Undergrad: 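First the structure, which I've put down as structure tokens, then a few questions once you've had a look.
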Amino acid sequence: MCANACGPCRRPLTRPGVFVTKYRREVFNDEMLTRCEEIMRNVCTDFGADLIEFNGEGDHVHLLVHYPPKVALSNLVNSLKGVSSRYLRQEFTGRVNRFIMHGRFWSGSYFAGSCGGAPLSIVRQYIEQQKRPS
């Protein structure tokens with residue numbers, strides 16, 4: 001938080017993020033990515049955050065999240081990955097082989113960067129240009 005004459009600033013934060021499937025398995029198709037986006041939008045709403053942009057490829061998703069500073073990014077990420085994993089494994093059991101992925105959907109790690117002064121329009125354009133599977 002920055003300081004000003006009125007006290008600490010409470011501006012919302014915007015972060016790009018990437019979640020990768022366990023062992024980078026190519027499990028996503030267009031239908032699954034659409035459902036994943038819907039799930040993640042609902043989780044963001046529960047946290048008072050906004051999912052600004054979402055897209056993905058066969059083995060990972062990109063997202064741009066706008067969230068309040070009171071929300072710990074690690075808690076938001078854990079909830080996004082946990083809830084989406086649970087729903088996607090239940091709803092797409094034919095595509096998600098639990099034995100191959102050893103009971104996990106997402107890799108344990110994630111990337112959450114800063115925009116580094118780049119305009120959000122550039123970050124959004126990058127996410128939109130991902131090669132979404134059909």
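Just so it is clear, the values below take in all heavy atoms, side chains as well, and ignore hydrogens, waters and symmetry mates. Since this is a predicted model, take the numbers as computed values, not measurements.
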Undergrad: If you round to the nearest 0.5 Å, how far is NZ of Lys131 from CG of Asn55?
TA: 12.5 Å
Undergrad: Tell me the closest heavy-atom pair linking Gln90 and Thr93, and the distance in Å.
TA: O-CG2, 3.5 Å
Undergrad: Where the side chain of Arg104 meets the backbone of Ser85, is there a donor-acceptor pair that is under 3.5 Å apart?
TA: no
Undergrad: Using side chain to side chain donor-acceptor pair (under 3.5 Å) as the criterion, list what pairs up with Glu128, not counting sequence neighbours.
TA: none
Undergrad: Do Leu51 and Met32 belong together in a cluster built from hydrophobic side chains that touch within less than 4.5 Å?
TA: yes
Undergrad: Test of understanding: clusters of I, L, V, M, F, W, Y form through side-chain heavy atoms closer than 4.5 Å, transitively. Do Ile39 and Val27 belong to the same one?
TA: yes
Undergrad: Can you list everything that forms a side chain to side chain donor-acceptor pair (under 3.5 Å) with Asp50? Sequence neighbours excluded, please.
TA: none
Undergrad: Report yes or no: do Val43 and Leu64 belong to one cluster of Ile/Leu/Val/Met/Phe/Trp/Tyr joined by side chain heavy-atom distances under 4.5 Å?
TA: no
Undergrad: Of all heavy-atom pairs between Pro133 and Gly56, which one has the smallest distance, and what is that distance?
TA: CD-O, 3.8 Å
Undergrad: Show the nearest heavy-atom pair for residues Trp106 and Thr21, with the distance to one decimal.
TA: CE3-N, 4.0 Å
Undergrad: Kindly work out whether a path of hydrophobic side-chain contacts (I/L/V/M/F/W/Y, heavy atoms less than 4.5 Å apart) joins Val83 to Val61.
TA: yes
Undergrad: If you group Ile, Leu, Val, Met, Phe, Trp and Tyr by side-chain heavy-atom gaps below 4.5 Å, do Leu63 and Val18 land in one group?
TA: no
Undergrad: For Phe105, what residues pass the ring pair (Phe, Tyr, Trp, His ring centres under 6.0 Å) criterion, not counting sequence neighbours?
TA: Phe28
Undergrad: Sequence neighbours left out, what pairs pass ring-ring contact (aromatic ring centres under 6.0 Å, His included) with at least one residue falling in residues 107-134?
TA: His62-Tyr126
Undergrad: Name each donor-acceptor pair under 3.5 Å that joins a side chain in residues 65-81 to protein atoms two or more places apart or in another chain, with its distance.
TA:
residue: His66; atom: ND1; partner: Thr14; partner atom: OG1; Å: 2.6
residue: Asn78; atom: ND2; partner: Ser74; partner atom: O; Å: 3.3
residue: Lys81; atom: NZ; partner: Ser107; partner atom: O; Å: 2.6
residue: Lys81; atom: NZ; partner: Ser109; partner atom: O; Å: 2.9

Undergrad: Could you tell me the separation between the CD atom of Gln130 and the CD atom of Glu57, rounded to the nearest 0.5 Å?
TA: 4.5 Å
Undergrad: Among pairs that include at least one residue of residues 29-38, which meet salt bridge (Lys or Arg N to Asp or Glu O under 4.0 Å), considering only residues two or more places apart or in two chains?
TA: Asp30-Arg132, Arg35-Glu38, Arg35-Glu91, Glu37-Arg41
